[in-house]
Structure formats: C-alpha cells, structure tokens
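A, B, ... follow the sequence lines: proteins, then strands. Residue 1 opens every chain.
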Amino acid sequence: MKRSNEPVAWGLFGAGGMLLALVGPGLVVATGFLLPFAEPAAAFHAVDALIAHPLGKLLLLAAIALPLYHTVHRLHHGLQELHAPLPHGLVALLCYGSATVLTIASASWLLVR
Amino acid sequence: MSDSIAIYVARYRPGQDEAPTEQRYDVPLSTDLSVLEALNYIKDELDPTLAYRWSCRMAICGSCGVMIDGEPRLGCKTFLREFADRGELHLRALDNFPVERDLIADVERFMDHLETVKPWTVHNSERPVSEGEYRQTPAELERYQQFSQCINCGLCYAACPQFGRDDSFLGPAALTLALRYNLDSRDDGSAGRMAALNADEGVWRCTFVGYCSEVCPKDVDPAQAVNRGKVASTINYGLNLLRLARGEHDT
Amino acid sequence: MTRKPYRAPQRWSWWLKNPAYRRYLLREATALPLFIYALVLVTGLYRYTQGQLAFTRWLEALQAPGWLVFHAVAVAACVLHAATWIELVPKLLVVPGISGRSIKRGHQVAALIGSALVLGAALVSWPLAGGAS
Ligand code: SF4
Ligand code: FES
C-alpha cells in the first residue's frame, strides 16, 4: 500500500481547527462586529502597530493561513462525501491550492510592511 | 401495551428477488424477548425460509448484527420492549455490505481488511517454550485492553459512510485491532502494520464521523483508535522525511 | 446454489436518513462560513496594504447589514465548531494519568479564556467610534 501525503494536510487542518476552537469565536466577533464600528484612524494605526512587530506578523499570518487550510480540508472531504461529480484531484488542487496562494500572498503583504 | 408487535423484515432471496422487500410478521410481545429471539420465533412458528445469523445469544460471537430501525445493532442485545410503544420495528441486513440473503450480510471485505493488519502478536524471533511466557505488567495491559474487546461484529462498518462509499477503506475495527497490537508490549509487528495505516485506504479515509463508536456494542471506541492511528501515522510520516533527508531510503 | 448478492451503492443522500450523519455534516458545514470569513480577513489585509483610505472603505463595507448577518452566522458556526472540536480532543490526546474528561474541561476553559483575551485586546486597541476617547 502506498504512503499517503495526507499527514501534511491533516496537520494544517488540525492546527487551524485548534486555533478556531480556542480563539475563533472571539476573533469573529472582534473583526466582524467591533472593528467595522471602531474609529477608522485608530483602528488603522492599531493594525499598523500589530504588524510592525514580528510576533504580530506571525500571529496575523497564523490567524489567516491556518483557518484557510482547516476549512478547505473540510470542504474538500465534504464535496467527496456528497458525491460531487468533480474529479478528486481537481478539487484537491483547487482547495489546497487556493489556501496556499492566499497564504503566500498574505505573507508577502505582511513582509513588505 | 398491545400483545403483539409487527416486525418488518427486508427479505432478499437471490435468484427470486431483484431487490430486498419488506415482509411483515406479527410476533407476540413479551418484555424480555430480544430481537434475535423474535427472529427465532418467526423461523420456528411463522416462516422457516427466513435467513439470519446468530450463535451465542449473549453479545460475544458478533454474528447477529442487523439494522434495527436504521441503526446497526446486535439482535441478541436489543429487546422488543424498546419498540413496544410504536408497535413496530424494521429489520434489514447490515448496511454497506452486499446482502447475501434476507438478514445475512456478506462481510468478506471486512474479513480481508482484518487480515491485512495482522491482528495477532508478531514476534521477530520465536522464543522456546522453556524460556517461559511473555510477561506483561498491568500498566502495559491497560494500554490496549479496551481495544481488545472487539467481537468483530461489523456494526462499525455498517455505521461508516466512508466504508459505504468505498469499501477499500480498511475501516474502524481493522484499524482498531492494528492499534491494539501496536500498543502491545509483546508485539514486534508494528512496522508492517504502519505501512497499512499510512496508506489512503488506511487511517486517512476516516473523517471522524464518530458514529462507529456510538454503535459499538462493546464500547471499544474505534473512532478513538483510528484517530490515534492518524497521530501515529503523522509521526511516522515525519520520521520518514527525516530518513529521506539523511539520504536513506523511503519506507 | 449460485450466489447473487444484492449490492446497493451509496447514494449522495446517505446522510439524510440518520440524525448522527446529519449532525456530522452540520459540523463539517461550519467550514463554509469560516472559509468565507478567512477570505474576509485576507481582503482586510490586502485593503490595509493599500493605505488608510482603502482600509477605511473596507471597514465601512463591513457595516452593511449583509455582512453583519454573515458574521452572525460565522460566530454561530465557530461556536459549533469549537464545541464539537473540543468534544473530540480527548480521543486524540490520550495522556496516561489524566482523564479524557479533564482534558475536555481544560480545553473548554482555554477556549473561553482565549476568546475573551482576543475580545479584550480588540476592545482596548480599537476604540469604538463616538466613544468616550
Ligand atoms: S469495534 Fe465494536 S462495532 Fe466494530 S467490530 Fe468491534 S465490537 Fe463490533
Ligand atoms: S448472537 Fe452472538 S453476538 Fe448476538
């Protein structure tokens, strides 16, 4: 039997799932309900200050990338379970590919700041 | 409480039926009658052509599993009184397996998968009997004891939608037994079993639906075993990467 | 006697007939709003790189009722995710000497503290418009 590469996807899925379980509800309330009604200039500078710090960059990247990998993993498996008439390889490519592209984009935006 | 209960049995007679169809049997209701005993009553008193499996009548042999009102359960461990208020219950052969005849499922696939994981203690070298028994401390026993309670009834396979979609998946009980022997201090066969666990058809088909553990009549918790298998397989994957990085060969 | 086993291939609707399967798929479905939520975060970061004006526009867009409803759904999905996730943690994290129950409790407490910390930090660093300061 052939060794599966699923441990990589599963590891990222697990990290994202844990992050969303531990801070997710607070995070969604914060960015979905508090941030939009914050004083815009102050909010912008708060994000500025967060990104200025390497640790802040890392936290932000984790908060974006890990939930991406977590959710695409579930969507990928869910589509198979609902018998979606799409080739398995294509769905995997679209799911994990989009998460990877968005992670790289986010990392580069964080680095140039 | 009325004095009889309607039991609808999905009957399938190969060569005669295209697909299973339900047949109704009225069985006198008594509170201590199990579903298995009701089937025995039907066979003895109403219809000798009904086919089903059983042996021990006490949740040990694992042969009497059927779908009872859509749930995989042991016929000998389920009692009619549970369905008395509704006055009826529906039986069919275990889901996710081909139906051989009436309530008999063809569990060949499950047996193949069990064999794949070598569910016995493997020894690198046989020790002469004169050297005495393989000893084990209570703590060592504790590590796998829960997983050794499996009676191979196959209810967890009937509960698993992944096995239902593609029966190449080794499935809950086989993967549980793999872990059971990997956790056994007397066993040397772990490397061979890991090769099966590491495959797509091994632990990686599982999406932690968890229903297998709900239906298991022996509280084995196969979902726990399979997911601990994923942790073990992930560590194994990492170690393999290290070996590859050192220029050693792939395993 | 010849064998002629009856096979019923799984249908796409397999999950409709059993409440355990419906609960499972609801759990998996939390990924859909949370995926969109992650996209919202990526968009926010992108708008931030375009400067303060663009970032402010993004904040204003999020005030639309549609987005508020979406975020309400996302919070519900995330709470359901957290509850079901933590329920399963003891099955993966088996520590000799610590009961599964304690491991679950520990994660539940950690999740409450975690979300409270994030909310606290947000309240401190993003003063509400029209607030005292
Ligand atoms: S793990 Fe439980 S349900 Fe599955 S075969 Fe063993 S005893 Fe039956
Ligand atoms: S008859 Fe043996 S388990 Fe039910």
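Within residues 202-216 of chain B, the residues having any heavy atom closer than 4.5 Å to a heavy atom of chain A are B/Trp204, B/Thr207, listed by residue number. Residues of residues 156-175 of chain B placed with any heavy atom under 4.5 Å of a heavy atom in chain A are listed by number as B/Gln162, B/Arg165, B/Leu170. Contact annotation for residues 3-27 of chain A against chain B (heavy-atom separation below 4.5 Å, listed by residue number): A/Arg3, A/Ser4, A/Asn5, A/Glu6, A/Pro7, A/Val8, A/Trp10.
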Show me the donor-acceptor pairs, under 3.5 Å and distance only, between side chains in residues 119-126 of chain B and residues at least two apart or in other chains.
from	atom 1	to	atom 2	distance (Å)
B/His123	ND1	B/Arg186	O	3.2

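Closest approach of B/Ala196 to A/Met1, counting heavy atoms only: CB-CE, 3.4 Å.
Other residues, nucleotides and ligands contribute over 12 non-hydrogen atoms within 6.0 Å of the CD atom of B/Glu248. Environment of NZ in A/Lys57: crowded, with over 12 heavy atoms of neighbouring residues, nucleotides or ligands closer than 6.0 Å. Residue B/Gln136 places its CD atom among more than 12 non-hydrogen atoms of other residues, nucleotides or ligands, all under 6.0 Å distant.
At a 4.5 Å heavy-atom cutoff, A/His73 makes no contact with chain B through either its backbone or its side chain.
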